Amino acid sequence: MLGLLTRLASWLHRREVTVWYDPLYRLPISGLEATVGMEPRRADFAAWWLRESGAVPARAFRRPHRISFENLARVHTPELLESLGRPAVVASAFAVDPSDVPVDEVMTTVRLACGGTLAGARESLRTRVPALNLLGGFHHGAPAAAGGNCPVNDVAVAIATLRAEGFAGRIAILDLDAHPPDGLAACLAGAPDVWIGSISGSDWGPLAGVDETVLPDGAGDGPYLDTLAALLARMPRPKLAFVLAGGDVLAGDRFGRLGLTLEGARSRDLLVAAELEYVPTVWLPAGGYSRGSWRALAGTGMAVAAGSRDAIPPTYDPIAARFAAVADQLSPSALTEEGELTAEEIEEELGMRPRRQRLLLGFYTAGGIEHAFYRFGIFDLLERLGYRQFRAEFDAPGAGERVRILGQSGGVEHLLVEVVLERRRVAGVDALYIHWLSLRNPRAVFSERRPRLPGQEVPGLGISREVGTMLALMASRLGLGAVVFRPAHFHTAYAARHAFQFVDPDRQSRFEALLRDLAGVPLLEATTAIAEGRVRMDGAPYVWEADEMAYWLRESPVEAGEVERERDRVHFTYDRALTGGAGIAR
Ligand SMILES: [Zn+2]
């Protein structure tokens, strides 16, 4: 009954909203997640959730156009705009290595986001319905300089364009990102009838023309919401508003220090939405550098579209949900052989001719694997990284069967994905056993900004969550109960730790003790220290144990409670590197 009432209440609150989104909002920079800590799939996850949960109907979604250079030039200097054709300049704005920047594709993403902010503002002015753009709020972009993940400034460009089109009303910008709006202040210095209000968790000195409050580290929900109420009371009533609903206000963010909970961030959005009722408004995500930052953005959508306080279930995994829906539409006949047996196949079946290696795990054809990679959107992602002409091939080099995905770049065929698989029983469960998994981006190079992890030959592709989810779906389609692999290094086990557990409970407890004792050490330093023998277990040098880890698709055969008992018995210590440790803790 309560659930029904909540739903009724949110239906009564439902307002029309437009959501601006394009799958190309995912920045095609393979090291963004691993080295910068940014979730490149944030807009995708929020869009999928808003659509699936019913918070926003499909008809509310809009696709933006890339903003024109004519409009960008209203704010930015010709020198800056010209320099954005150079990988080094764009790479420096995102703090990644230039080899990892397919510059036209990255600028397509940025220009689409700018187009979404402008189109959202125009439509909101016309209809008085709020707009949510799932990428944008590039508030560090200055007239002559890119910086802080902001090559250009979408809000300033939208304002300059609307002014040129004759809009003369007062504009308010509420910058609720955890960092100060330095680029906005620079772009809008002296602009008539623009008010900028901001709450930050970092003090970068005074910003002319900004009503800014800087809160102390870890301020938390209460003080933040009090400060916001006071800021809203000072805000002059605008004819158009931009809200930068930053995701980096969350506790655990890598760069933001305000320490809000997800509920606190939702309260923030509800408070602002109530204050701006009937004011044309564009909502923007701005920053966000934690695993949960997409939840803040999806929460903004739920607050704006439905006035909803409902939590997104903590166990909801957007990739798993999305891929499972795609997998349901993939008919088995698209993945495996179909039709009548040929004469050759009958002869093979009867043992009259040697079998060809043709079906992966007795099920998938090479074409079926290619089709799956296409349907799960992996080839689109690889194309944006600069590869074309994909093909899958199988062989059986020794233990297990090998799948390789190859793609061309610059007239050369490169190995991009390599997986060696086998069906094997583990702890009494039929499992998909992964002997080897390698995701390779040979166009990118290692550098100080893209450090080599132990065991890496070339930088990764940034698609391990997608490929991991595909392997789990593959195991499920084959009727298996687990996916199992041996993490050759600490960072591999670390990346898998949310879904996978060591099969041996003692091993799992040693791993959890290691996570506990190295909690403050950056991942790259931790995995390097273990590989170099600088980590000690109970005083003795610790050698990494590459034991089996399993993702149990049904129930785990490991007894609950076994891990907790052992965890407190071991303790790890770590010696800092004598040399070469610089540049790691960024
Ligand atoms: Zn920020």
Side-chain angles (χ1 to χ4, degrees), residues 25 27 29 32-33 35-43 46 92-96 109-110 113-114 117 132-142 145-156 173-188 196-207 210-221 223-224 227-228 231 242-262 264-266 268-269 272 282-300 586:
Y25 274 8
L27 278 165
I29 299 177
L32 211 55
E33 191 181 2
T35 53
V36 184
M38 221 162 125
E39 173 52 89
R41 314 165 183 89
R42 179 176 66 169
S92 143
F94 288 101
V96 295
T109 296
V110 171
C114 294
T117 301
L132 168 62
N133 186 14
L134 294 180
L135 185 65
F138 304 140
H139 62 161
H140 300 311
N149 302 322
C150 306
V152 291
N153 195 312
D154 58 324
V155 174
I173 303 171
L174 270 172
D175 190 314
L176 304 176
D177 181 276
H179 300 98
D182 53 348
L184 278 171
C187 291
L188 294 165
I196 307 176
S198 166
I199 303 174
S200 301
S202 305
D203 193 349
W204 293 356
L207 283 177
V210 180
D211 178 337
E212 185 177 50
T213 309
V214 178
L215 290 175
D217 276 13
D221 297 348
Y224 186 93
T227 307
L228 177 60
L231 181 67
F242 293 87
V243 182
L244 280 70
D248 52 5
V249 296
L250 293 183
D253 189 88
R254 195 156 158 183
F255 300 112
R257 303 203 287 254
L258 288 164
L260 264 62
T261 63
L262 274 169
R266 188 77 65 90
R268 170 194 74 180
D269 297 340
V272 173
V282 184
W283 292 75
L284 298 159
Y289 313 93
S290 66
R291 201 178 163 88
S293 66
W294 77 268
R295 292 172 184 272
L297 176 55
T300 299
R586 274 199 296 148

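Values in this document were obtained by computation on a predicted structure and should not be read as measured data. In listed order, ligands and their atoms are each counted from 1.
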- request: Determine the sole option in Arg257, Glu212, His179 for which the side-chain hydrogen bond (donor to acceptor under 3.5 Å, both in side chains) test with Ser200 is passed.
  value: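 Exactly one option meets the side-chain hydrogen bond (donor to acceptor under 3.5 Å, both in side chains) with Ser200, and it is Glu212.
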N/O/S atom name from [X] that is nearest to the position of the Zn ion (ligand 1):
X: His179; result: ND1
X: Asp248; result: OD2
X: Asp177; result: OD1

query: Donor-acceptor pair, Asp182 side chain versus Leu207 backbone, under 3.5 Å?
result: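 It does not hold such a pair.
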query: Got a donor-acceptor contact below 3.5 angstrom from the Asp177 side chain to the Gly287 backbone?
result: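 Looks like yes, one N/O pair under 3.5 Å.
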task: Applying side chain to side chain contact (heavy atoms under 4.5 Å, CB included) between Leu176 and each of Leu228, Leu244, Val249, report the one that passes.
output: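 Filter result, single survivor: Leu228.
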